[in-house]
Amino acid sequence: MVDADFLLTGIGQLCTMAPEGAGEGPLAGPFQGRVGAIDGAAVAAYRGRLVAVGKEEEVLARVRVLPRATVLHARGRLVTPGMVDSHTHLCFAGWRAEEFSLRVQGADYLEILQKGGGILQTVQATRRASEEELVVTLKERALQALRQGVTTIEVKSGYGLSWEAERKQLRAIRRVKEELRGRMDVVATFLGAHAVPPEYRGKGSEYARKVAEEMVPRVAAEGWADFVDVFCEKGVFSVDESRLILEAAAKEGLGRKIHADEVHPLGGTRLAAEVGAVSADHLVATTREDMALLREAGVVACLLPATSFFLMKEAHAPARTFIDEGVPVALATDMNPGTQPNPSLLATMTLGCLLYRMTPEEVLVAVTRNAAAALGFLQDRGSVEEGKKADLVIWDCPTYHHLPYRWGVNLAAVVIKEGQVVVDEG
Ligand code: NIG
Ligand code: FE
């Protein structure tokens, strides 16, 4: 018998994301499509960690429910692990609605950036904003994601592009992380190399050196972030500049992420494998050869279908080929004020199905277990298994097929973080 201070019974379908034979890593190849479903299930937790998972009778026979435990009934509905959004730029000031209007009339995203707009417009607004304003808006956006079933969210800096302004963003992220502790986990990524700041126009390499030699060591020394990310793109940061920054991150013991091969195939995917990144993100233009390198290096492919959709691109990331090549695929929103302002990971799942032809099983794996792997968190979340965090969502539908299918609707009914109800829509 085990003690439980949390018990959830009456689960119509439980997606454990822990199918037979899956081992402990992310799910790749044929396993990308296995959600480990159990019908008629229950789960129990003690002090925020799962202690029993399985068929209801078995769970009830194994647990001793403590007085004052939280006891819930799912009323035959679907339960999954809390979702993980592993790539967002939620900490920003000011929207870019005019840019959207220009883009739908044919303006090009990278050309807008070259002219000092795009990311640089958000940099101006974010530099002007107070830390307080960033905290308020970031917290509201994070809570919006939580209400849609996201219990862990990554947030990047990258709209400051000077040490003071980047630190202001990182401080805002840290404050929101503290304020949401117990409701949602916030993970910070330092993206000082998101664009070349106006003061360094024409001197991108000099700025990249400053990021690598001055900013990354301070981020590590002062504990501002767990990851360092770079926008490796033509006209932004080259592969060599990106390498310098990511190697500095490795030297400081920080995790590596990279915006790679989104528009032009520069070689960012290969660099991700070379520097042992936890994930390589975007990957619209990645070749089969480079996919093999990712697989061998254990890098998760974090694909962002809502971004290529919102940029009206004809080409989308070749998700099916990644899966054929045995590379674990995660999906994330990439929410940001320019290329993707929609905070819904459910909408991203739908786009994963429609644009990538991923199945409902594959996209669910991509926003839970594989997304947790894209943040190096698999040991304690991403699946419903004993010992992991009791981060769960009760969905207002009977099976996982409904999640990507019922497009644009928030189906999250109850969100549970470490055994506590944090959102209750009934
Ligand atoms: O992931 N590609 C670079 N960065 C973001 C866009 C940021 C912005 O436009 O503000 C992205 O799409
Ligand atoms: Fe991004």
Side-chain angles (χ1 to χ4, degrees), residues 85-100 102-103 107-127 129 134 137-138 141 153-161 165-166 169 187-197 204 227-237 242 245 256-266 268-269 272 277 279-285 300-313 315-317 330-343 345 348 351 371 374-375:
D85 193 346
S86 61
H87 181 143
T88 85
H89 305 254
L90 285 193
C91 184
F92 62 85
W95 294 93
R96 303 204 320 249
E98 329 67 44
E99 177 182 325
F100 174 68
L102 292 174
R103 285 199 304 100
D108 177 75
Y109 173 67
L110 284 180
E111 277 170 24
I112 294 171
L113 176 60
Q114 295 315 333
K115 291 187 188 137
I119 295 175
L120 292 177
Q121 185 184 332
T122 304
V123 169
Q124 262 188 18
T126 306
R127 284 179 174 183
L134 294 179
T137 51
L138 170 58
R141 289 174 198 137
I153 197 162
E154 186 251 21
V155 181
K156 301 177 197 293
S157 67
Y159 292 120
L161 310 185
E166 285 291 313
Q169 276 197 288
V187 181
T189 294
F190 172 63
L191 178 55
H194 193 194
V196 177
F227 297 100
V228 172
D229 194 345
V230 183
F231 188 16
C232 180
E233 181 59 67
K234 194 166 160 190
V236 191
F237 295 100
S242 303
I245 293 165
R256 280 80 65 204
K257 288 178 163 280
I258 181 167
H259 284 65
D261 298 332
E262 176 184 357
V263 186
H264 300 95
L266 279 196
T269 311
S279 73
D281 301 41
H282 283 292
L283 311 181
V284 175
V300 176
C302 179
L303 309 183
L304 310 165
T307 305
S308 49
F309 168 71
F310 200 71
L311 288 174
M312 299 170 288
K313 296 286 184 194
H316 300 286
L331 296 181
T333 62
D334 194 22
M335 196 221 172
N336 73 76
T339 63
Q340 208 306 82
N342 184 316
L345 198 49
T348 288
L351 292 171
L375 291 175

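As the structure lists them, so they are numbered: ligands from 1, and atoms in each ligand from 1. Remember, it's a predicted structure, so these values are computed and weren't measured experimentally.
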Within the 4.0 Å heavy-atom shell around Glu262, which atoms of ligand 1 are there?
2 (N)
Which value, rounded to the nearest 0.5 Å, describes the distance between Thr126 atom OG1 and Ile119 atom CD1?
11.0 Å
shortest atom 9 (O) of ligand 1-to-protein heavy-atom contact is with Tyr109 OH, 2.5 Å
Just to check, does Thr122 reach to within less than 4.0 Å of ligand 1 when the distance is taken from its heavy atoms?
no
Any N/O/S atom, side chain or main chain, of Asp334 closer to the Fe ion (ligand 2) than 2.8 Å?
yes
Looking at ligand 1, would His194 count as a contact under a 4.0 Å heavy-atom criterion?
yes
Considering both backbone and side-chain atoms of Thr307, is one of its nitrogen or oxygen atoms within less than 3.5 Å of a nitrogen or oxygen in ligand 1?
no
For atom 5 (C) of ligand 1, state which one of His89, Met335, Gln340, His87 supplies the nearest heavy atom.
His89
Between His89 and His87, what is the ring plane arrangement, given parallel below 30°, perpendicular above 60°, and tilted in between?
tilted
Atom nearest to the Fe ion (ligand 2) - His259, N, O or S atoms considered
NE2
Any side-chain donor near an acceptor of the partner, His282 and Asp261, under 3.5 Å
no
For atom 7 (C) of ligand 1, the closest protein heavy atom turns out to be Tyr159 OH, 3.3 Å
Within this structure, what is the NE2-CG distance for the pair His259 and Asp281, rounded to the nearest 0.5 Å?
6.5 Å
Whether His87 has an N, O or S atom under 2.8 Å from the Fe ion (ligand 2)
yes
What do you reckon, does His282 put a non-hydrogen atom under 4.0 Å from ligand 1?
yes
